[in-house]
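I have placed the structure first, in the form of structure tokens, so that the comments after it can refer back to it.
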There are 2 protein chains.
Amino acid sequence: MSQTFRHPEILEIARREGKVTVEGLAEHFGVTLQTIRRDLTDLAEAGRLERVHGGAVLSSGTTNIGYEERRSLKSEAKRAIARACAAQIPGNISLFLNIGTSTEAVAMELMHHENLMVLTNNMNVANILAGNHGCDVILTGGQLRRADGGLVGNLATETIKQFKFDLAVIGCSALDREGDLLDFDIQEVSVSQAILRQSRKTFLVADQTKLTRSAPARIASLANIDTFFTDVPLPADLAAVCTAWGTKVVVAS
Amino acid sequence: MSQTFRHPEILEIARREGKVTVEGLAEHFGVTLQTIRRDLTDLAEAGRLERVHGGAVLSSGTTNIGYEERRSLKSEAKRAIARACAAQIPGNISLFLNIGTSTEAVAMELMHHENLMVLTNNMNVANILAGNHGCDVILTGGQLRRADGGLVGNLATETIKQFKFDLAVIGCSALDREGDLLDFDIQEVSVSQAILRQSRKTFLVADQTKLTRSAPARIASLANIDTFFTDVPLPADLAAVCTAWGTKVVVAS
DNA sequence: AGCTTTATTTTCGTTTTCTTTCGTTTATGC
DNA sequence: GCATAAACGAAAGAAAACGAAAATAAAGCT
């Protein structure tokens, strides 16, 4: 009943005190610890508070988005793919990196490339490559999607149309057995399609987990990709279509 | 990784002091040295601090642009100005925040505003407000300027022209005795001018250091500003022109 | 270099807090 | 009024935070 009552008040207390304790709130509202824990779990899930042992604190403003991502892309497979991809990216070119932890991994491997002009619709990529002073970074505009630091929407697509770059390095959410690149977000699909249209050469980076997932929206086909970087040899059917389409496959070890 | 109440506070102390000691923190929190060491290990693993013998320091290097800025905007004066400004910003509006440590300070004070739609050409503002889930963040496109995390150039100006927002909060490099807002960078000037043209109401945030500096490019006049937030009472001549122009002046204490 | 002091890592047991799963109560819709 | 769903409380097992002590490593000193 009073859950709707407690939630705003918990937030108010948190803002005033900076933190709240499970025990303190239980006493304040005259309910059990379990109930407060449920409240805090709900508020944390909604992103309003940050859960800590024994209570919760205001979600810190200095937290950088992409920081969770950065941890997940520690995965060795992703790094190997990224290294193999970066090794085929020369200096002195313009390239696009889109959304995705795989492309972020590539960005990390580009830290010591010289004279790159990098366009991206990914805040994390921009944050990473800000550390490479031999590299111009240009962001597309767009609405910030907190889940992955992506800039999406019409603004992003329109910006991309104003460029023509030497190379596009893109990731995707899933890759099916027919060789179609898929994504969860229809908005992101039109961004990716715009990228492919505006680039002279295209690299796809995708680890094996993408082969076993599915997603509803179709970006393009492997036929539109020049080189596909992954971490395990492809199943026979996929390998066959790649050969037929002239799509090079690089398996990073 | 699990969280404790201490983590945010340790980070805050680290930002304020530049470093933290195991012993100092143990005394501060009333826990044993081992416990603090565990905290510092966690924070170091998460990349938020850099571990050193006897304590920890702010992590240097590539992780975050604008991090030096963020230290300087800890200055009490800037925070006071920002607080005064944020207090006059209601919820449920669209606003623009441009480049500058002063506007970043405002962004920090907006962390708990609800239902804002924030446009910005400042990566640091975007990073900060990414932490506020009650707030849509839209970035203009543009070339990333590492010095301050700004997005500048034609792309930024063009994006801004596509919007009309309720409020613009802008900073400037300098403010002369005739009441002219000045900037060092001509590119940034045209961005700021575009912002002023597209907004219904305009706030200027500038601390006293801006009054004693000069800069070559003219953005606009105080006559174009609705409210000017600063930290010390204005000199008589400036105060006079503000009265004449109907520019409200708020001196934050 | 060798010694001393200080700091760190590792391991362990204890305590606190969390999660999960149940049954009960309270509100809401039909 | 009855059915359904939501909120709540209780209890047990799991997870974590914590402090203590011993072994190891680093820094400072002569």
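So that the names make sense, note that chain A is the first sequence line, chain B the second, and so on, each numbered from 1. In what follows, every heavy atom counts, from backbone to side chain, and hydrogens, waters and symmetry copies are set aside. Everything numeric in this text was worked out from a predicted model, so none of it was measured.
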Taking N or O atoms only and anything under 3.5 Å, show me the protein contacts with nucleotides 9-15 of chain C, one pair per line.
none

Quick test: give all pairs of protein nitrogen or oxygen and nucleotides 23-29 of chain D nitrogen or oxygen below 3.5 Å, distance rounded to 0.1 Å.
none

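- Under the side chain to side chain contact (heavy atoms under 4.5 Å, CB included) criterion, A:Ala14 pairs with A:Val20, A:Leu49, A:Leu58, sequence neighbours left out.
- Partners of B:Glu114 by side chain to side chain contact (heavy atoms under 4.5 Å, CB included), not counting sequence neighbours, listed by chain and number: A:Arg15, A:Arg48.
- In this structure, B:Leu25 atom CG and D:dC18 atom P are separated by 13 Å, rounded to whole Å.
- Phosphate contact (OP1/OP2 of D:dG9, side-chain N/O of A:Thr35, threshold under 4.0 Å): present.
- B:Arg83 meets the salt bridge (Lys or Arg N to Asp or Glu O under 4.0 Å) test with no other residue; sequence neighbours excluded.
- For residues 107-154 of chain A, the set of pairs meeting the ring pair (Phe, Tyr, Trp, His ring centres under 6.0 Å) definition, not counting sequence neighbours, is empty.
- Across D:dC18, C:dC18, D:dG9, the shortest atom-to-atom separation from the side chain of A:Val22 is found for C:dC18.
- Relative to the axis of its first five pairs, the axis of the last five pairs of the helix from C:dA1-D:dT30 to C:dC30-D:dG1 sits at 50°, rounded to 10 degrees.
- Residues meeting the side-chain hydrogen bond (donor to acceptor under 3.5 Å, both in side chains) test with B:Gln143, sequence neighbours left out: A:Asp136.
- Not a single side chain to side chain contact (heavy atoms under 4.5 Å, CB included) links A:Glu27 to another residue, sequence neighbours left out.
- The side chain to side chain contact (heavy atoms under 4.5 Å, CB included) check on B:Asn132 picks up B:Met111, B:Leu129, B:Cys135, with sequence neighbours excluded.
- Residues passing the ring pair (Phe, Tyr, Trp, His ring centres under 6.0 Å) test with A:Phe203, sequence neighbours excluded: A:Phe229.
- Applying the ring pair (Phe, Tyr, Trp, His ring centres under 6.0 Å) criterion to B:Phe165, with sequence neighbours excluded, gives B:Phe96.
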